[in-house]
Amino acid sequence: MAVKEVNAEGKPVVNGNGVPLFKNKMTKLDEKLDNEVVYEFGGPIGVFCMMLGFPSLMYYMWVCLEYHQGKIITPSSFTKEGITQFVLEEIIAKVKLGAMPTVAAAKIYLGFVAYSAVMAYIMPGPVINGLPLPSLNGGKLKYLCNGLSSWYATLVLSAVLHVTGIFRLTSIIENFGGIMSVAIIWGFTLTALVNGISVLMGKQHRMSGNVIYDFFMGVCLNPRIGKLDLKMWAETRVPWPVLFFTSVSCALKQYELRGYISGPVAFMVLAHFLYCNACQKGEECIPTSWDIFYEKDGFMLIFWNMAGVPFTYCYSSIYLMKYELTTGVTIQHSWAYTVGLFITLLFAYYIFDTGNSQKNRFRMEQNGSFVTRAAFPQLPYGHIKNPTYIKTEHGNLLLTSGWWGVVRKPHYTADLIQSLSWGLITGAGSFLPYFYFCFFVCVLTHRVSRDMERCAKKYGKDWDKYCEKVPYIFVPYVF
Ligand code: NDP
């Protein structure tokens, strides 16, 4: 049952919008759901295949982009003097040729990883309470949200390093294959370290008992080094800046070679800037997100953040650049098409940004962790005054105002549109710039089904009431 928080005079405590706050009392159901082991992703065999499959797929797609103008290669693509060679042999040969982990690549990637960890430790920012955790009997962890100050400092520092020639940002794309390999190795290494140390420290949480499955899903819920929360750092500080700087690197390379930056290349820099900036400026909303309060810090999150996100979400930028380098032709579209996509991106970004803000700020108000920040851009409609909601027996409130009154996952729909626009800006010459969109559809639909199942168990008939009030998940009147 929900227990309202009361002040010394016995009156209910309300937040700035007059919504009552509830005590963070953990129910038995919270604990049960938090400890329940459900084999996801096909269980141990499925996750084992994914751990082998992710890096292999990354290398395969890299070879397609680097040596074949983004064309999907098959054995028949490798016909040499009438003899069809085995595709795997070719891929290995090309990886050896262009994606060996070099010292220069290690310096760039691991240098940035170390730098970002130091910045996460030392830069100023507000301290935000996470959600009450069943494993801490309702206790909350504190998160130093200094992503914004670190991000602004990184933008200035990178410009200075590039202009002075101390570190030319074009080196990122020149060493791309090697950097990707270092990131892949680092993804496995960090997972092993975090899992191993967590076991030694007795920090096991929601363990399945299967070594492979637990390596993939993780051991510890919230691994920390002092005040540095490793999961939060890995979620925001490495993948998105690396992705952004990869696109900047492609744009600078184009400028060096051509003396201009084309519309599609500028589009990708803007798209990656918006996404990265959103993660930093809204960092204080992240402690209340699913990854932070529920997912453990295993291979899935670590590898994907350290290697998967930056080195697969960047295919549009890489494709545009490689196509130009190998054919001498800059990919351009009609003004109407390009401008249309810019408008689509900005519109989708607006819904994505305000959708996340609306729910997270609403939740932060319940949690007593709401803060206003001077971060750019603060978009109108990102914070709903006097929202409507469904009060659950559990105690949590389910928002039914703003975009959350239209569909149950407005931020997912907007995010998917953004990812589709990243592909569309490259035209129809290659599937690879659409890989992120296709992959993301699978990720988000799987995530939705996991989340809905969990919420249905957690909120029971209140969840049914909520689904009745907001019947569509992604698109009103369609799905
Ligand atoms: P959500 O922000 O959807 O969080 C889900 C949780 O929110 C639920 O478990 C529930 O938690 C709570 N909730 C659900 N409905 C409501 C409601 N109406 N009112 C209040 N609380 C509600 O999920 P994510 O963390 O998955 O996504 C956050 C963002 O990150 C999205 O924009 C997504 O697109 C993006 N993302 C991007 C990825 C990428 O690779 N680019 C990968 C994954 C996500 P509770 O149990 O507390 O009620």
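Counting starts at 1 for both ligands and their atoms, in listed order. Numbers here are sequence positions counted from 1. All values derive from a computational prediction rather than experimental measurement.
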Review point. Taking the six-membered ring of Tyr143 as reference, does the NZ or CZ atom of Arg224 fall below 6.0 Å from its centre and within a 45° cone about the axis?
Key: yes
Point to revise | For atom 31 (C) of ligand 1, the option (of Arg447, Gln366, His411) bearing the nearest heavy atom | key: His411
Check your understanding: With sequence neighbours excluded, what pairs up with Pro410 under the side chain to side chain contact (heavy atoms under 4.5 Å, CB included) test?
Key -> Trp403, Trp404, Val407
Review point. At a non-hydrogen distance cut-off of under 4.0 Å, which region of Tyr466 contacts ligand 1 (side chain, backbone, both, or neither)?
Key: side chain
Check your understanding: Just which atoms of ligand 1 are under 4.0 Å from any heavy atom in Ser289?
Key -> 25 (O)
Check your understanding: Does one side chain, of Tyr381 or Asp353, offer a donor that lies under 3.5 Å from an acceptor on the other?
Key -> no
Check your understanding: Which ligand 1 atoms are under 4.0 Å away from a heavy-atom of Arg454?
Key -> 9 (O), 46 (O)
Practice item. Could you see which bit of Asn396 sits under 4.0 Å from ligand 1, with heavy atoms only: side chain, backbone, both or neither? Key: side chain
Study note, to complete from the structure: Any heavy atom of Arg408 under 4.0 Å from ligand 1? The part involved is neither
Review point. Which of the atoms in ligand 1, numbered in the order shown and given with their element, are less than 4.0 Å from a heavy-atom of Leu398?
Key: 16 (C), 17 (C), 19 (N)
Review point. What do you reckon, does Trp463 put a non-hydrogen atom under 4.0 Å from ligand 1?
Key: no
**Study point:** Numbered atoms and elements of ligand 1 in range of Tyr459, under 4.0 angstrom, heavy atoms
**Key:** 45 (P), 46 (O), 47 (O), 48 (O)
Check your understanding: Leu397 near ligand 1, heavy-atom distance under 4.0 Å?
Key -> yes
Practice item. Identify which of Tyr294, Trp290, Tyr412, Trp403 has a heavy atom lying nearest to atom 27 (O) of ligand 1. Key: Tyr412
Exercise for review: Would you mind finding which of Leu301, Asn360, Asp415 brings a heavy atom closest to atom 35 (C) of ligand 1?
Suggested key: Asp415
Review point. Got Pro264 and His333 here, is their nearest side-chain heavy-atom distance under 4.5 Å?
Key: yes
Practice item. Sort out for me which residue in Gln358, Arg361, Glu365, Gln378 forms a side chain to side chain donor-acceptor pair (under 3.5 Å) with His383. Key: Glu365
**Study point:** Test item: side-chain donor near acceptor, Tyr436 and Ser316, under 3.5 Å
**Key:** no
**Study point:** Side-chain H-bond candidate by donor/acceptor type, Ser262 with Gln254, under 3.5 Å
**Key:** yes
Exercise for review: Please check if a non-hydrogen protein atom sits closer than 4.0 Å to atom 39 (C) of ligand 1.
Suggested key: yes
Practice item. With heavy atoms of Tyr313 as the reference, note each atom of ligand 1 found under 4.0 Å away. Key: 39 (C), 40 (O), 41 (N)
Review point. Taking heavy atoms and a distance under 4.0 Å, where does Trp240 meet ligand 1: side chain, backbone, both or neither?
Key: side chain
Revision key, fill the gap. Candidates Leu399, Asp451, Asn356, Val448; heavy atom nearest atom 32 (O) of ligand 1 found on Asn356
Exercise for review: Return the set of residues passing side chain to side chain contact (heavy atoms under 4.5 Å, CB included) with Ala414 (not counting sequence neighbours), or none when no residue passes.
Suggested key: Ile351, Phe352
